[in-house]
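Take a look at the structure set out below.
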Amino acid sequence: MNAITSASAIRTVHVPLGERAYDILIGPGLIVRAGAEIASRLKGRKAAVITDENVAPLYLKALVASLDEAGIASAAVVLPAGEKTKSFEHLITACDKVLEARVERNDYVIALGGGVIGDLSGFAAGIVRRGVRFVQVPTSLLSQVDSSVGGKTGINSRHGKNLIGVFHQPDLVLADTDVLNSLSAREFRAGYAEVAKYGLIDKPDFFAWLEANWKAVFAGGSARIEAIAASCQAKADVVVADERENGQRALLNLGHTFGHALEAATAYDSSRLVHGEGVSIGMVLAHEFSARMNLASPDDARRVERHLKEVGLPTRMSDIPGELPPAETLMDAIAQDKKVKSGKLTFILTRGVGQSFVADDVPASEVISFLQEKHA
Ligand SMILES: NC(=O)c1ccc[n+]([C@@H]2O[C@H](COP(=O)([O-])OP(=O)(O)OC[C@H]3O[C@@H](n4cnc5c(N)ncnc54)[C@H](O)[C@@H]3O)[C@@H](O)[C@H]2O)c1
Ligand SMILES: [Zn+2]
């Protein structure tokens with residue numbers, strides 16, 4: 001676990017994707033240095049910055065000043081915060097701003113914000129002029145460890161989440177760990193669910209490290225940087241092995257089939273449930289369902305729940321405030337999820353902590369009776 005124990009201010013994770021290769025820089029002070037980092041790596045000198053109304057007052061000025069200093073002209077658009085911004089309506093606003101800023105093929109769209117802004121801006125960057133360059137400046141923990149890496153971009157449809165979008169890799173990711181200090185405790189925890197996910201997929205040592213060190217990760221400093229770097233490395237490894245999700249990349253969806261159904265069931269209302277919280281409950285359900293299918297020991301499900309609960313994440317459907325629709329409605333949402341292939345349910349199941357696998361033949365009848373039990 002060298003990646004975990006060594007300490008230095010800025011960590012770089014390289015994503016070796018041939019002509020689409022890029023670096024992820026992780027550490028303090030990166031927004032102030034953004035202009036210099038971008039100018040030294042990319043040719044263009046024009047940028048459209050897309051951000052949201054929570055992040056703009058905190059960091060937009062510093063980013064624009066740093067771009068100015070590096071000779072990069074920028075225009076900014078501030079969108080509403082929240083999942084509902086991943087819509088056609090806001091995509092149009094974002095695309096118009098990119099064109100208005102006269103961003104050409106070698107210039108860039110810069111996403112300054114969480115996963116919502118990253119997904120929407122990446123989609124705009126992927127389609128305006130058939131693709132312009134894209135820089136991610138992720139500001140939430142979730143976006144630093146997950147959504148800013150890997151090139152999946154998109155918006156939601158009334159049929160479900162992330163159903164409309166393109167693959168468009170960023171050219172650079174600048175994860176400034178200082179900005180996490182202004183993130184709410186709840187959003188930090190939600191991002192932490194995705195950190196834990198990497199351990200649960202195939203890194204049991206990392207999960208054990210998190211069980212022992214999560215307080216230091218939450219406190220900030222080098223443990224936090226190392227956890228983010230380890231997560232980015234884990235994601236990069238999966239993305240490089242399967243960029244367009246023909247197989248193993250689906251492992252990153254551990255907990256997400258259940259999680260997305262819960263997000264749909266709460267109408268993407270962040271006062272009730274945010275993405276990472278849905279993933280937390282979803283991961284516990286995936287472990288419990290695996291135990292029910294006699295694939296894993298129930299002790300593993302208990303261990304996973306214990307840790308997620310300890311950090312303050314919801315782990316049960318009953319932890320979600322308000323009424324949930326019946327199990328059958330959750331099942332419909334699962335069937336709408338894009339990981340359903342030719343009538344059979346594809347789930348990420350597990351043989352134990354750090355031993356997840358893609359199961360593409362899961363009987364719907366088992367899922368529905370499991371959900372009915374859990375819902376009761
Ligand atoms: N593309 C992918 O591969 C991928 C992977 C995982 C998740 N996602 C997507 O990411 C989205 C969730 O991302 P998220 O959790 O970052 O949500 P988000 O973008 O809504 O950010 C969460 C909240 O925190 C605020 N915020 C962000 N940074 C802040 C900061 N530094 N200080 C104060 N407030 C800050 C935001 O304004 C927002 O209110 C979902 O839409 C999900 O589908 C995409
Ligand atoms: Zn996720």
Side-chain angles (χ1 to χ4, degrees), residues 30-31 50-60 62-63 78-87 90 111-123 126 134 136-156 160-170 173 175-198 201 231-232 235-236 238-239 243 245 249-260 262-264 268-271 273-283 337-338 348:
L30 281 167
I31 288 192
I50 302 174
T51 186
D52 77 24
E53 63 200 9
N54 292 338
V55 176
L58 297 169
Y59 307 113
L60 183 58
L63 178 63
V78 182
L79 300 175
E83 188 65 38
K84 291 193 173 76
T85 295
K86 279 171 60 172
S87 68
H90 295 295
L112 173 69
V116 164
I117 288 299
D119 281 10
L120 178 89
S121 311
F123 191 16
F134 179 40
Q136 289 263 23
V137 185
T139 60
S140 66
L141 178 60
L142 185 140
S143 57
Q144 295 195 351
V145 299
D146 191 350
S147 61
S148 67
V149 179
K152 275 195 184 178
T153 76
I155 57 174
N156 301 327
K161 260 180 74 94
N162 302 329
L163 292 177
I164 302 158
V166 296
F167 281 97
H168 191 62
Q169 295 291 346
V173 181
D176 185 332
T177 51
D178 283 341
V179 307
L180 297 176
N181 295 329
S182 60
L183 201 62
S184 69
R186 182 179 176 207
E187 289 292 354
F188 190 89
R189 284 195 296 266
Y192 182 86
E194 306 272 12
V195 174
K197 179 184 79 177
Y198 296 112
I201 291 172
S231 299
C232 288
K235 174 132 189 198
V238 175
V239 168
E243 187 180 359
E245 194 166 324
R249 183 166 177 168
L251 288 173
L252 296 171
N253 295 322
L254 174 64
H256 281 60
T257 302
F258 288 124
H260 284 168
L262 293 170
E263 282 186 275
Y268 307 109
D269 175 356
S270 62
S271 69
L273 190 75
V274 296
H275 177 75
E277 292 171 340
V279 171
S280 174
I281 299 170
M283 291 193 299
D337 201 78
K338 63 184 184 297
I348 311 308

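For this chain, numbers begin at 1 and follow the sequence in order. Predicted model only: the values in this text are computed from it and were never measured. In listed order, ligands and their atoms are each counted from 1.
Ser143 and Ser147 get closest at one heavy-atom pair: CA-OG, 3.1 Å. The two residues Leu30 and Ala175 come nearest to each other via the heavy atoms CD1-O, 3.4 Å. When all heavy atoms are compared, the tightest approach of Gly114 to Thr139 is N-OG1, 3.5 Å. Of all non-hydrogen atoms in Ser231 and Val195, the two that sit nearest each other are OG-CG1, 3.6 Å.
Tyr192 is linked by a side-chain hydrogen bond (donor to acceptor under 3.5 Å, both in side chains) to His307, counting only residues two or more places apart in sequence or in another chain. Qualifying side-chain hydrogen bond (donor to acceptor under 3.5 Å, both in side chains) partners for Asp119, counting only residues two or more places apart in sequence or in other chains: Lys86.
Between Glu194 and Lys235, no side-chain nitrogen of the basic residue sits less than 4.0 Å from a carboxylate oxygen of the acidic one, so the salt-bridge criterion is not met.
Counting only distance, with no hydrogens or angles, the side chain of Glu277 and the backbone of Val274 share a donor-acceptor pair below 3.5 Å.
Within the protein, the number of N, O or S atoms lying under 2.8 Å from the Zn ion (ligand 2) is 3.
Side-chain contact check for Thr51 and Tyr59: no donor-acceptor pair (N or O, by modelled atom type) lies under 3.5 Å.
Listed by chain and residue number, the protein contacts of ligand 1 are Asp52, Asn54, Val55, Leu58, Tyr59, Ala81, Glu83, Lys86, Gly114, Gly115, Val116, Asp119, Thr139, Ser140, Leu142, Asp146, Ser147, Lys152, Lys161, Asn162, Val179, Ser182, Leu183, Glu187, Lys235, His275 (heavy atom within 4.0 angstrom).
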